[in-house]
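Encoded as structure tokens, the structure appears first; notes follow it.
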Amino acid sequence: MLIKVGNFECTEVWDGVFYKKLSNYPQVSDWEIRNIIEFMEYEKQYGRKCSIECDDNDVLDMINTKMANREVYLKAARPKLLTECTACPYRKGCVTDYVCHTTSADNAIKIFGCGKLLSALNARKVPVEQLMSEKRNAANDPADYFEYIMFAWGNCQAGDRLVMERALGRFPNEEDLSVHFNPGVRFYFKYEELMQHPNAIFDGVLPMKVKDEINLRDWVYKIVIPNELKGKLEKHVPNDLKDRFIYVENDCKDIWDWSEKVYGIIEKSTN
């Protein structure tokens, strides 16, 4: 795997390259060094070697020098707000108190039925080679990625965007994400709690991911359902999770507005 460090639009892994955006390029924060180390260690676990590139040799030298003190940087504190991605018009970054997994209404019914979030491999029950070859694997993710449940930061719109992309069979355009926007179902978890899950792992890209499965009763904080899906989903809600469901009216102008509305509700929620 190749790690490219620079001033990109966002941090992502695409077709064998980890594009690591720096929040204050060319400066490298302790948290960003931690992310790079975590990514390399995750890749090593699956037998993949990493190399690092940067257009600025001074930045590359700085990264290599800091990475020599691995144990120090793996203890770097998580910032309350990450500003690598500033696309969000409201928060201007990712708030790190909660993480979120978003899915479609049909998938949510299956999740309620078994009471668990499942990795793609466990949920689909098809050979991993099939998952890798599907059109939805546009990023050309390797086999092990399908063994995990993926999470975004709680105020991020990426999960809803992915749900729409899979429903449409193409990348959503601006109109899809505004006048025709249909939110998915969001499963929220407290970061500090979910990081204690025995199968939680930090790959330096996502906030975290969890291998195989997550029992909702033990771990989920809140489940957000758009009001328009209430009739379809309410009868499938498990009795032992009813107090964690929140139904929210989608009176928002676009996907960003929805993400901010929902996250504001989560912030104000209490168990």
Side-chain angles (χ1 to χ4, degrees), residues 95 97-126 136 146 148-168 177 180-200 206-252 254-255 257-271:
V95 188
D97 291 328
Y98 299 90
V99 293
C100 177
H101 178 85
T102 308
T103 193
S104 67
D106 289 339
N107 283 342
I109 290 172
K110 297 175 185 176
I111 291 166
F112 300 154
C114 71
K116 299 175 181 179
L117 287 180
L118 300 174
S119 68
L121 192 59
N122 284 3
R124 298 279 303 281
K125 298 187 185 303
V126 297
R136 66 170 64 186
F146 298 93
Y148 292 88
I149 302 147
M150 311 291 192
F151 291 92
W153 294 113
N155 68 313
C156 184
Q157 46 69 51
D160 275 305
R161 184 185 291 264
L162 183 59
V163 169
M164 284 208 70
E165 178 184 325
R166 289 178 174 170
L168 295 168
L177 300 176
H180 298 308
F181 172 59
N182 295 309
V185 178
R186 293 192 177 204
F187 295 81
Y188 274 93
F189 300 78
K190 293 182 178 179
Y191 182 96
E192 293 288 345
E193 291 183 1
L194 190 60
M195 68 181 291
Q196 305 301 322
H197 193 287
N199 291 334
L206 300 169
M208 76 174 76
K209 55 189 186 183
V210 178
K211 193 170 185 179
D212 295 334
E213 63 181 42
I214 300 173
N215 189 306
L216 294 178
R217 185 181 60 218
D218 296 337
W219 297 96
V220 76
Y221 175 58
K222 297 292 181 182
I223 302 170
V224 175
I225 296 180
N227 266 355
E228 63 200 75
L229 297 177
K230 185 175 182 179
K232 180 174 183 175
L233 298 181
E234 193 172 30
K235 60 182 175 290
H236 298 283
V237 172
N239 288 329
D240 58 354
L241 292 176
K242 283 187 175 179
D243 62 337
R244 304 190 212 182
F245 277 75
I246 303 174
Y247 295 95
V248 179
E249 179 66 30
N250 177 22
D251 53 1
C252 303
D254 56 24
I255 191 172
D257 207 25
W258 170 257
S259 294
E260 176 60 21
K261 178 177 182 176
V262 170
Y263 194 71
I265 291 170
I266 292 298
E267 284 183 313
K268 295 172 184 175
S269 296
T270 57
N271 282 327

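Atoms considered below: every heavy atom in the structure, side chains included; atoms not considered: hydrogens, waters and symmetry mates. Note that this is a predicted model, so its numbers are computed, not measured.
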[X] (side chain) donor-acceptor with [Y] (main chain) under 3.5 angstrom:
X      : Y      : result
Tyr221 : Ser269 : yes
Asn250 : Pro226 : no
Arg244 : Arg217 : yes
Asp160 : Gly184 : yes

Find the distance between [atom1] ([X]) and [atom2] ([Y]) and round it off to the nearest 0.5 Å.
X      : Y      : atom1 : atom2 : result
Gln196 : Tyr191 : CD    : OH    : 10.0 Å
Leu162 : Gln157 : CG    : CD    : 10.5 Å
Leu118 : Ile149 : CG    : CD1   : 6.5 Å
Met150 : Leu117 : CE    : CG    : 13.0 Å
Tyr247 : Asn227 : OH    : CG    : 9.0 Å

Partner set under ring-ring contact (aromatic ring centres under 6.0 Å, His included) for Tyr188, not counting sequence neighbours
none

Side-chain contact, heavy-atom cut-off 4.5 Å: Arg186 with Tyr98?
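In short, these two side chains do not touch, never coming nearer than 4.5 Å.
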
Is the closest side-chain heavy-atom distance between Lys261 and Asp251 below 4.5 Å?
yes

Students often mix this up, so state it plainly: with edges at 30° and 60°, are the rings of His197 and Trp219 parallel, tilted or perpendicular?
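It falls in the tilted class, 30° to 60°.
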
Taking the inter-plane angle between the rings of Phe189 and Phe151 on a 0 to 90° scale, is it parallel (under 30°), tilted (30 to 60°) or perpendicular (over 60°)?
perpendicular

Candidate pair Ile111 and Leu216, rule side chain to side chain contact (heavy atoms under 4.5 Å, CB included), full reasoning
CA-CA 9 Å; Ile111 291 166; Leu216 294 178; 3.7 Å; yes

Restricting to pairs with a member in residues 226-235, which pass salt bridge (charged side-chain N to carboxylate O under 4.0 Å, His left out), not counting sequence neighbours?
Asp106-Lys232

Using side chain to side chain contact (heavy atoms under 4.5 Å, CB included), reason through Val224 and Ile265 one step at a time and then give a plain yes or no.
CA-CA 10 Å; Val224 175; Ile265 291 170; over 6 Å; no

Asp257 and Asp254: side chain to side chain contact (heavy atoms under 4.5 Å, CB included), yes or no, with the steps?
CA-CA 5 Å; Asp257 207 25; Asp254 56 24; 3.3 Å; yes

Mind checking salt bridge (Lys or Arg N to Asp or Glu O under 4.0 Å) for Asp218 and listing every partner two or more places apart, or none if nothing turns up?
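Partners of Asp218 by the salt bridge (Lys or Arg N to Asp or Glu O under 4.0 Å) criterion come out as none, since no residue qualifies.
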
Minimum heavy-atom distance between Lys116 and Asn215, given as atom pair plus value:
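Shortest heavy-atom separation between Lys116 and Asn215 comes out as CG-CA, 4.1 Å.
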
Side chain to side chain donor-acceptor pair (under 3.5 Å) between Arg161 and Ser259, intermediate numbers included
CA-CA 11 Å; Arg161 184 185 291 264; Ser259 294; over 6 Å; no

Kindly determine whether Phe146 and Val126 satisfy side chain to side chain contact (heavy atoms under 4.5 Å, CB included), including the steps that lead there.
CA-CA 11 Å; Phe146 298 93; Val126 297; over 6 Å; no

Is the count of non-hydrogen atoms from other residues, nucleotides or ligands lying under 6.0 Å from Lys209 atom NZ greater than 12?
yes

